[in-house]
Amino acid sequence: MCGILAVLGCSDDTQAKRFRVLELSRRLKHRGPDWSGLYQHGDCYLAHQRLAIIDPASGDQPLFNEDKSVVVNGEIYNHEELRSRLPNHKFRTGSDCDVIAHLYEEFGEDFVDMLDGIFAFVLLDTRDNSFIAARDAIGVTPLYIGWGLDGSIWISSEMKGLNDDCEHFEVFPPGHLYSSKQGGFRRWYNPPWFSEAVPSTPYDPLVLRKAFEDAVIKRLMTDVPFGVLLSGGLDSSLVASITARHLAGTKAAKQWGTQLHSFCVGLEGSPDLKAGREVADYLGTVHHEFHFTVQDGIDAIEDVIFHIETYDVTTIRAATPMFLMSRKIKSLGVKMVISGEGSDEIFGGYLYFHKAPNKEEFHQETCRKIKALHQYDCLRANKATSAWGLEARVPFLDKAFINTAMAIDPEAKMIHPEEGRIEKWVLRRAFDDEKQPYLPKHILYRQKEQFSDGVGYSWIDGLKDHAAKHVTDKVMQNAGNIFPHNTPTTKEAYYYRTIFERFFPQNSARLTVPGGASVACSTAKAVEWDASWSKNLDPSGRAALGVHVSAYDNSSANSGVVQPVIINDVPHISVSTHGVEILS
């Protein structure tokens, strides 16, 4: 991932303005520590901080093509195919992003849907000072847009690049293009599932398997050392397994060898560390296990909120261990990792989906979750890793794979434990290969753990205890007056909000963060599925009462104490000094 900042039409082409743009661009330097560039054309400025993944030697930005210049943050996986469709164009670099200006020259503003990848870019046409900006389909790559009092338009990879200089700013919507000629946004990404109409394609496990393998393989495009994030859960384990199977024949393997490196983070004795180690041994990866303490995480909270630019509780809980792990990974010389975000949204993997009343509501909730990913898991995965100059790729959010998975009749995705169909059954079944197993059976059918839970249950409990020491009951009584928008309802949420407001005090900033009731990461609409959930609005998976094998009981929902849940007369957790271990 890189960092981009564009200031367009600011009516100021002075040296002082150039210095200001350079100063703001340096706020994004963590995203691109390898090189920086600034292009100025009159009162338009394009700044770039580069993390070199493809063509490190010659792909520095801004990129140029006769009358057009472009700054891009992202990866275009089909760039070689696109180059072949442009035989009369001369490319100056081997960068995957070099195709964008040439596609614009050939096809105008309608080329964006041809791009297969993750991206955020600004393209300036110096012939008439017009520009376009676009963001990838799901919003894997972050982007913000702002407006200055002088009539300027600002576009930045992160909020900190523009919040001090814009009168108003907001999240640049995923799957959209902004055109200065048209004077506004238009959606370029219009897949069939976006209407939320219930699909009817019969479930075919081999079709789903092939689509996901293709999504992983295309993300092996790299000219630098890389690895996989491996928590031992279903999603990251499948990513690691497919990568290990297909790495040998790739260009990356020729450069860096066929030995795959995997990475996991957790508290001592956490579920993820144990499962991750087991999967790594099974796949034969070089496994790196990073431990952190609750205090380590608490000490990093302010840095985490500064980098991920949110006060959402779930996101901060999960981003903190990922932030700590990313620093360790980068110190090993690795610049790119492949991760498992997006699967739970597509397949209804969160435990609250057990209570979906019918296939229509199940499917509509998955659509809502995918549309909101850019505010939650995509934001977390991108910014927590980019804070240390590390790029995260997410094959579950591949455009073609999403189209395949979201076309399946949602009846096949419905959860029916009495029939042996647990959450994400269609994905598990697709990779349940007896002859050439992808994973051990008990890993393939391991219960969903949210990342903030899987790193160790005492992590969340520790955060709640820490917040309770710093936010009094009296302070909480006035929360609605202090924070009338998205009023924090817990001490933990209030604690995070105060830190966020210190870094980003503008009203525009607080409006970029979503709100609303949630249980176990549900949308507000899905809270209606179970009347008891409205009394236990916690984003942890353990809040899915009667579903998670380590759920909070009613008396401990607020205290964070974990109680055994009896399933078929068998207690399914054991409590130790290290937190909670799920028994097989």
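Predicted model only: the values in this text are computed from it and were never measured.
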Report yes if the distance between the aromatic ring centroids of W529 and Y352 is under 6.0 Å, otherwise no.
yes
Hey, is the main chain of L115 close enough, under 3.5 Å, to the side chain of K399 for a donor-acceptor pair?
yes
State, yes or no, whether a side-chain contact exists between Q49 and S25 at a heavy-atom distance under 4.5 Å.
yes
Using modelled atom types and a 3.5 Å cut-off, is there a donor and acceptor pairing between side-chain atoms of S237 and backbone atoms of G233?
yes
Does the side chain of I301 come within less than 4.5 Å of L463's, by heavy atoms?
yes
Can you name the side chain to side chain donor-acceptor pair (under 3.5 Å) partners of T243, sequence neighbours left out?
none
Under 3.5 Å, is there a donor-acceptor pair linking the side chains of R31 and N382?
yes
Hey, does the side chain of S386 reach the backbone of K383 with a donor-acceptor pair shorter than 3.5 angstrom?
no
Going by the rule side chain to side chain donor-acceptor pair (under 3.5 Å), which residues pair with Q477 if we only count those two or more places apart in sequence or in a different chain?
none
Any salt bridge between R380 and D312, counting N to O under 4.0 Å?
no
Ring-face cation of R187 near F194 (centre distance under 6.0 Å, axis angle within 45°)
yes
Sequence neighbours left out, what passes side chain to side chain donor-acceptor pair (under 3.5 Å) with T523? Give chain and number order.
E365
Any ion pair linking D461 and K464 (charged N to carboxylate O, less than 4.0 Å)?
no
With salt bridge (charged side-chain N to carboxylate O under 4.0 Å, His left out) as the criterion, how do D344 and K369 come out once you've worked through the C-alpha distance, each side chain's angles and the decisive distance to 0.1 Å?
CA-CA 9 Å; D344 293 311; K369 290 292 291 180; over 6 Å; no
Regarding D272 and S270, do their side chains bring together a donor and an acceptor under 3.5 Å, going by distance alone?
no
Check the side chains of T141 and D136 for a donor-acceptor pair under 3.5 angstrom, ignoring hydrogens and angles.
yes
Closest non-hydrogen atom pair between T315 and Q375, with its separation
OG1-O, 4.4 Å
Classify the side-chain pair Q506/S508 by whether it contains a donor and acceptor separated by less than 3.5 Å.
no
Table please: side-chain donor-acceptor pairs of residues 320-327 below 3.5 Å, with sequence neighbours left out.
unit_1	atom_1	unit_2	atom_2	d
T320	OG1	I316	O	2.9
S326	OG	M322	O	2.7

Polar side chain donor-acceptor pair, W154 to S156, under 3.5 angstrom:
no
In terms of side-chain geometry, is the basic nitrogen of K160 or E309 positioned less than 4.0 Å from the acidic oxygen of its partner?
yes
Going by side chain to side chain donor-acceptor pair (under 3.5 Å), name the residues that satisfy it together with K525, two or more places apart in sequence or in a different chain.
E528
With no hydrogens and no angle check, is any side-chain donor or acceptor of N73 less than 3.5 Å from a backbone partner on C2?
yes
Is a salt bridge present between R186 and D113, judged by a nitrogen-to-oxygen distance below 4.0 Å?
no
Examine distances only and state if a side-chain atom of S179 and a backbone atom of I132 form a donor-acceptor pair shorter than 3.5 Å.
no
For the residue pair P33 and L51, what are the closest heavy atoms and their distance?
CD-CD1, 4.0 Å
Can you name the residues that form a ring-ring contact (aromatic ring centres under 6.0 Å, His included) with F500, not counting sequence neighbours?
Y311, F504
Minimal heavy-atom distance between A405 and I346, with the atoms involved, is CB-CG2, 3.5 Å
I'd like to know if the side chain of H176 and the backbone of P174 have a donor-acceptor N/O pair within less than 3.5 Å.
yes
Any donor-acceptor N/O pair, R219 side chain to A215 backbone, under 3.5 Å:
yes
For Y495, does its backbone N or O pair with a side-chain atom of T498 as donor and acceptor, under 3.5 Å?
yes
Answer whether the closest heavy-atom distance between the side chains of V239 and L229 falls below 4.5 Å.
no
Are the side chain of D465 and the backbone N or O of G462 linked by a donor-acceptor pair below 3.5 Å?
no
